[in-house]
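Each chain gets a letter, A, B and so on, in the order the sequences are listed, and its residues count up from 1. No hydrogens, no waters, no symmetry mates; every other heavy atom, side chains included, goes into these values.
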Amino acid sequence: MWQPTNKLEEERLNKAQALKERGVELYPRRATRTHTTAEAIAAFEALESENPEAAAELEVTVAGRVRRVNVKGKVSFMHYADEQGRLQLFLRINDMDENQYMLVKDKLIEIDDFVQATGTMMRTRAGEISVRVSDFQLLSKTMSPLPVIKEVTQDDGTVKEYGEFSDKEARYRQRYADLAVNKDVRDVFRKRAKTIRAMQNFLDDEGMLEVETPILQPIYGGAAARPFTTHHNQLHQDLFLRISFELYLKRLLVGGYDAVYEIGRDFRNEGVSWKHNPEFTMLEFYKAYIDYTGVMDITERMTAYVAEQVTGSTKIIWQDHEIDLTPPWERLTIREAGKKYAGVDYMDTPDAESMAVMLEEKFGEKVAPGESWGRMVVERLLGNQIEPHLIQPTIIMDYPRDMSPFAKPTEYDVKHTERFEYFIGGMEMGNAFTELNDPFDQEQRFVDMATLYGKGKDEETPFDEDYLRAMRYGMPPMGGYGGGVDRLVMLLTNQRSIRDVVMFPHLRSRDTVESESDSSEV
RNA sequence: GGCUCCGUAGCUCAAUUGGCAGAGCAGUUGACUCUUAAUCAAUUGGUUGCUGGUUCAAGUCCAGCCGGAGUCACCA
């Protein structure tokens with residue numbers, strides 16, 4: 001049984017007992033509400049100008065969480081809040097049942113409790129719209145007080161907050177408390193929902209079908225990442241949480257759909273950072289009969305559309321930058337971007353040895369032995385030297401073949417593939433290709449992968465024979481896209497950490513002892 | 001995993017060279033029939049993340065651990 005952990009909770013427990021003794025139900029079964037806060041205010045304001053008498057007779061029943069209490073004696077004021085806003089309750093002992101009033105006067109019903117009130121709408125002498133309460137009930141008694149934040153709605157309508165709940169760890173671990181007191185956090189997640197809805201609307205209008213594919217997969221693939229593993233007991237089978245949807249979605253175009261998309265969770269067993277969470281939300285789409293330039297076009301239009309829907313503009317503020325998402329965006333090959341932003345032409349160093357020397361001399365990069373040429377181009381030259389410059393939306397295209405096992409080669413050079421990534425605010429936002437639909441080439445890529453990443457390497461890519469079989473049935477030429485939804489939400493809400501756009505970000509658990517399996521980790 | 005910084009009351013923060021652990025808010029008691037960061041008077045609240053060490057004396061110095069933030073590594 002729960003015990004109070006501090007004086008404040010002890011007081012609340014005492015009050016709960018006192019309420020019971022007065023016959024008050026702490027957690028009544030039912031509530032009624034005729035008006036939300038916004039509806040009550042709107043209804044009153046609409047009547048007030050034309051017909052003041054009718055406005056004064058407007059009766060409402062409202063409900064919400066108490067956010068401010070001012071007991072003055074035989075008259076008291078309360079602010080309660082629902083999701084849309086807050087409203088004042090004017091409680092006067094003459095206007096209501098004396099016993100009900102005394103629950104407030106004796107502070108048995110207090111800040112953070114949920115209440116229901118019935119009364120007529122009015123304005124106080126100070127001009128604040130309020131409910132003149134005639135009936136008042138407790139809906140839910142709060143045992144643990146929320147962090148103290150005083151909100152004051154100013155004349156210009158903006159809300160000023162006094163006090164704050166800013167401890168990041170506490171906010172992430174107890175997001176419910178964070179949401180309860182920090183309105184701007186609630187707004188971020190409303191925008192998150194809008195972002196996803198806007199994407200769906202856009203892609204539906206493009207004629208794509210939204211689908212769902214397995215999260216538990218016997219063979220993982222479609223990206224290079226360490227998976228989480230689990231086990232199905234009855235089937236005696238190890239399963240992996242997906243690291244991408246790619247291979248399943250492309251199978252569906254073999255099946256006859258022209259275009260499909262999926263928005264869902266991916267899981268990658270890797271480091272966490274301001275832009276990495278172990279589980280994150282991804283959008284992937286595949287559309288037949290277009291190539292990667294067609295995907296570029298969709299990407300630009302989709303991003304602009306979503307930004308417009310969510311923020312009302314295609315120009316957004318991200319940290320210290322104003323970013324213009326209006327199409328078209330700058331498009332550069334990696335090679336051009338290397339010349340422009342890093343001052344090097346990587347084709348001057350066309351093999352791993354010379355590339356390593358150049359990177360070390362020019363940028364002080366310490367290249368690990370055995371790193372491939374393509375990896376150095378993508379991760380060191382692009383990732384470390386170019387990416388931080390890409391604040392305005394930029395498409396970077398034509399990636400080295402060995403880093404792009406599902407992309408078709410470019411016409412001009414088999415060393416490169418028709419692949420692009422795009423960057424906004426210095427963040428990689430997504431990745432796309434002209435998809436490889438040649439089963440012979442794909443089989444060779446799997447073999448190459450095994451050589452490159454095989455034998456105990458963490459990123460080992462399993463050979464997916466069923467995927468090759470699907471390809472042999474005939475796969476239409478197509479363009480495909482994968483992009484991070486969380487990062488787009490960060491951009492549109494100007495949040496600097498992925499944890500601020502994920503409701504319950506992953507944190508180390510507080511009170512578990514290190515398990516034995518952890519000791520095998522380095 | 002490496003490095004740097006951080007952890008003090010419910011929340012936000014103080015605490016001089018190592019010298020009695022404090023403030024505001026909220027909480028408690030009382031007053032107040034139009035308050036609004038209400039006001040006025042009085043007042044409670046602490047295993048200073050944990051464990052150990054140095055010292056006459058540790059929030060402060062040292063070591064280890066736990067947790068967080070940042071950064072690097074890692075992340076086709």
Assign [X] to base, sugar-phosphate, or nothing according to its heavy-atom contacts below 4.0 angstrom with the strands shown.
X	value
A:Val152	sugar-phosphate
A:Glu161	nothing
A:Asn6	sugar-phosphate
A:Arg499	sugar-phosphate
A:Tyr399	nothing
A:Glu9	nothing
A:Arg401	nothing
A:Lys72	base
A:Val181	nothing
A:Leu146	nothing
A:Phe165	sugar-phosphate
A:Ser144	nothing

Task: A:Met403 side-chain proximity, nearest of B:C25, B:G68, B:A76 - done: B:A76

TODO: Taking only the side-chain heavy atoms of A:Arg173 (C-beta and beyond), determine which of B:G67, B:A26, B:A38 contains the nearest atom.
DONE: B:G67

TODO: Measure the distance from NZ on A:Lys105 to P on B:U28 and round it to the nearest whole Å.
DONE: 13 Å

Provide the distance between the two [atom1] atoms, one in [N] and one in [M], to the nearest whole Å.
N	M	atom1	value
B:U48	B:A9	C1'	10 Å
B:A14	B:G24	C1'	11 Å
B:G46	B:U33	P	35 Å

Task: Within the 6.0 Å centroid threshold, strictly below: A:Phe240 and A:Phe228 - done: no

Open item on the list: Ring centres under 6.0 Å, that's the criterion: do A:Phe433 and A:Tyr292 meet it?
Closed with: no

- [ ] Could you tell me whether the phosphate oxygens of B:U28, OP1 or OP2, come under 4.0 Å of any side-chain nitrogen or oxygen in A:Lys107?
- [x] yes

TODO: Using modelled atom types only, decide if a donor and an acceptor are shared between the side chain of A:Glu262 and the backbone of A:Glu284 within a distance under 3.5 Å.
DONE: no

Task: Whichever of A:Val75 and A:Ser404 has its nearest RNA chain B nucleotide further upstream toward 5' - done: A:Val75

